[in-house]
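We name chains A, B, ... by the order of the sequence lines, and we start the count at 1 in each one.
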2 protein chains.
Amino acid sequence: MDRSNVIDLDGVRRRCGQLTARQLCLPAGIDPLEREHVDAIVRRRRALPAGARLYHEGDPLAHVYVAHRGAFKTVALAENGDEAILAFHLPGELIGLDALGADAHRGSAVALEDAEVCELRFDELLTAAARLPRLQQQLLRVIGQGVERDHRHVGMLLRRQAHERVAAFLHDLGERHRRLGLETRELRLPMSREDIAGFLGLALETVSRSLTRLQEDGIVAVRGRRLEVLAPARLAALAAGAEAAAGARAGR
Amino acid sequence: MDRSNVIDLDGVRRRCGQLTARQLCLPAGIDPLEREHVDAIVRRRRALPAGARLYHEGDPLAHVYVAHRGAFKTVALAENGDEAILAFHLPGELIGLDALGADAHRGSAVALEDAEVCELRFDELLTAAARLPRLQQQLLRVIGQGVERDHRHVGMLLRRQAHERVAAFLHDLGERHRRLGLETRELRLPMSREDIAGFLGLALETVSRSLTRLQEDGIVAVRGRRLEVLAPARLAALAAGAEAAAGARAGR
DNA sequence: CGAGTCTTTGACTTTGGTCAATTTGTGTGG
DNA sequence: CCACACAAATTGACCAAAGTCAAAGACTCG
């Protein structure tokens, strides 16, 4: 750790610390003294233009990131050629834990729009975690939440009906917005239909049709990448795999 | 990777899986002082009859397990009612990390056949990890491998063609057999067709048909739950999403 | 050997993928 | 500010793939 000047570190803390703290510290009730250790790990903010890659497949695991502004997707290109989308990351969510198993990133992370991330040095995070049991616990919890995210993704992919997958996707997006303290009724979709399709294992036309149908059923209102949830309960029911007919019948 | 001196959770898994370990599933190649810590974590072995649950949804996270004999599946029942299969676990593989995010298991683990597991107390594992950087590192690596497993699962589910999913599943199973030092040519499928279907998001009839087709194409030979890989390269190609026609053409 | 489950196979139907054309939206330069 | 060009999204028509229902065959375990 090259002696970074105090001023700069302070700046980092002011600008980034709060967000990072929320993710890593607050839930664990880490006291201010300990928190300083964590703050020191947050290195800097990095700005990325839309389409830029935060890291590439094969890069060694050096940092983990917290999306600060703008959304990201993590992708892994199949031997096939076309890219599989493994996750979307909203502001406030962690990025980069796909490298845990091999010390090297298995995919890459792409900014979906102009974005900024906070960068955390992974090795320093580990040493701090060894010293602070609460941080260790919280780190594992955050990792576990990433695992849960993947499981929700699998849950979506196991839904056989396309519009159920789309509903599950929108529902999940809404839930995450709620947990992050963002707008929950009016959602902005930072990713293209093609990205959604790549995430859900559908053709992009099917995604479009599903959205249209959800709109016809009065469950959401879609205008481009802006989406309003009109009937959260019915959206949740569809996402959960309830009889598709139930919603449709009432809606038409 | 780094082999010497690393506290080898991989070793724990292998030894447990190979039936060579007695009471203690101990990693070799670590100094006696460290070794003692790890010793204490492995509690006992538990035997389970086919169909028994290792833990249930909602159970607090107390242990993680290593399958010792027999295979397991981890399932989460969708609000829907029917159960989603999140993973299969072969002898030697870790079970129970789905609870990291919430301290409670999000699904349950079921023995697919008469089985035994090694039980590790999770809290003790954490304290030991805080004291032993190598163990901490290794623990994270194992968790990361679980994440990679989930990503491979997603990769399968993103394949649109049913027989590609099935091929990817069999290929993955073969790879895992290889890594665990098990038979790679002649695979035993410890799970039912219904389970495979539940894992791949297909109807069980489709799984059956796909297997038949893979057999007709000369890629595998199937007799019930015993399966022989005849053309590993073509299986891998199919799994990777190569033109399905390539294999079929050559095979017929 | 028999009862049960598991698996395969067949016939039919529905869903969603593909190809293609149109409309909407976005950003740029005149 | 408008017009233009390009990309993104929608919509339609058609077809192949997979789901469903149903029945027969194979395997397992008592």
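- Atom CZ of Arg225(B) has more than 12 neighbouring heavy atoms from other residues, nucleotides or ligands inside a 6.0 Å radius.
- For the pair Leu189(B) CG and dC27(D) C1', the computed distance is 15 Å after rounding to whole Å.
- Atoms CZ and OG, from Arg193(A) and Ser210(A) in turn, are 11.0 Å apart once rounded to the nearest 0.5 Å.
- An OP1 or OP2 oxygen of dT11(D) is reached within less than 4.0 angstrom by a side-chain nitrogen or oxygen of Thr212(A).
- Atom NE2 of His151(A) sits about 6.5 Å away from atom OG1 of Thr74(B), to the nearest 0.5 Å.
- Of the residues in residues 192-204 of chain A, Ser192(A), Arg193(A), Leu204(A) come within less than 4.0 Å of DNA chain D through at least one heavy atom, sorted by number.
- Out of dT7(C), dA18(D), dA9(D), the shortest distance to the side chain of Arg225(A) is found at dA9(D).
- Contact check on Glu175(A) versus Arg149(A) returns no salt bridge, with no Lys/Arg side-chain nitrogen under 4.0 Å from an Asp/Glu carboxylate oxygen.
- Among the protein residues, Arg160(A) comes within range of the sugar-phosphate backbone only, with heavy atoms under 4.0 Å from sugar or phosphate atoms but none that close to a base.
- One atom, CD of Glu164(A), and another, C1' of dG19(D), lie 13 Å apart when rounded to the nearest Å.
- At a cut-off of 3.5 angstrom, counting only N and O atoms as typed in the model, there is a donor on one side and an acceptor on the other between the side-chain of Arg209(B) and the base of dT20(D).
- Relative ring orientation between Phe88(A) and Phe199(A) is described as tilted, the plane-to-plane angle lying within the 30° to 60° band.
- For the pair Arg213(B) and Glu164(B), the salt-bridge criterion is not met [side-chain N within less than 4.0 Å of a carboxylate O].
- The nearest whole Å value for the distance from the CZ atom in Arg223(B) to the P atom in dT28(D) is 11 Å.
- Between Ser208(B) and Ala162(A), the residue anchored closer to the 5' end of DNA chain C is Ser208(B), taking for each the nucleotide with the nearest heavy atom.
- In this entry the distance linking CZ of Arg188(A) with C1' of dG25(C) reads 16 Å, nearest Å.
- Atom pair Gln161(A):CD and dG19(D):C1' shows a separation of 9 Å (rounding to whole Å applied).
- Across the protein-nucleic acid pair, Glu113(A) atom CD and dG25(C) atom C1' stand 17 Å apart, rounded to whole Å.
- The number of heavy-atom neighbours closer than 6.0 Å to CD of Glu194(B), taken from other residues, nucleotides and ligands shown, is 12 or below.
- In this structure, the CG atom of Asp114(A) is 10 Å from the P atom of dG27(C), given to the nearest Å.
- Rounded to whole Å, atom P of dA9(D) lies 12 Å from atom CD of Glu205(A).
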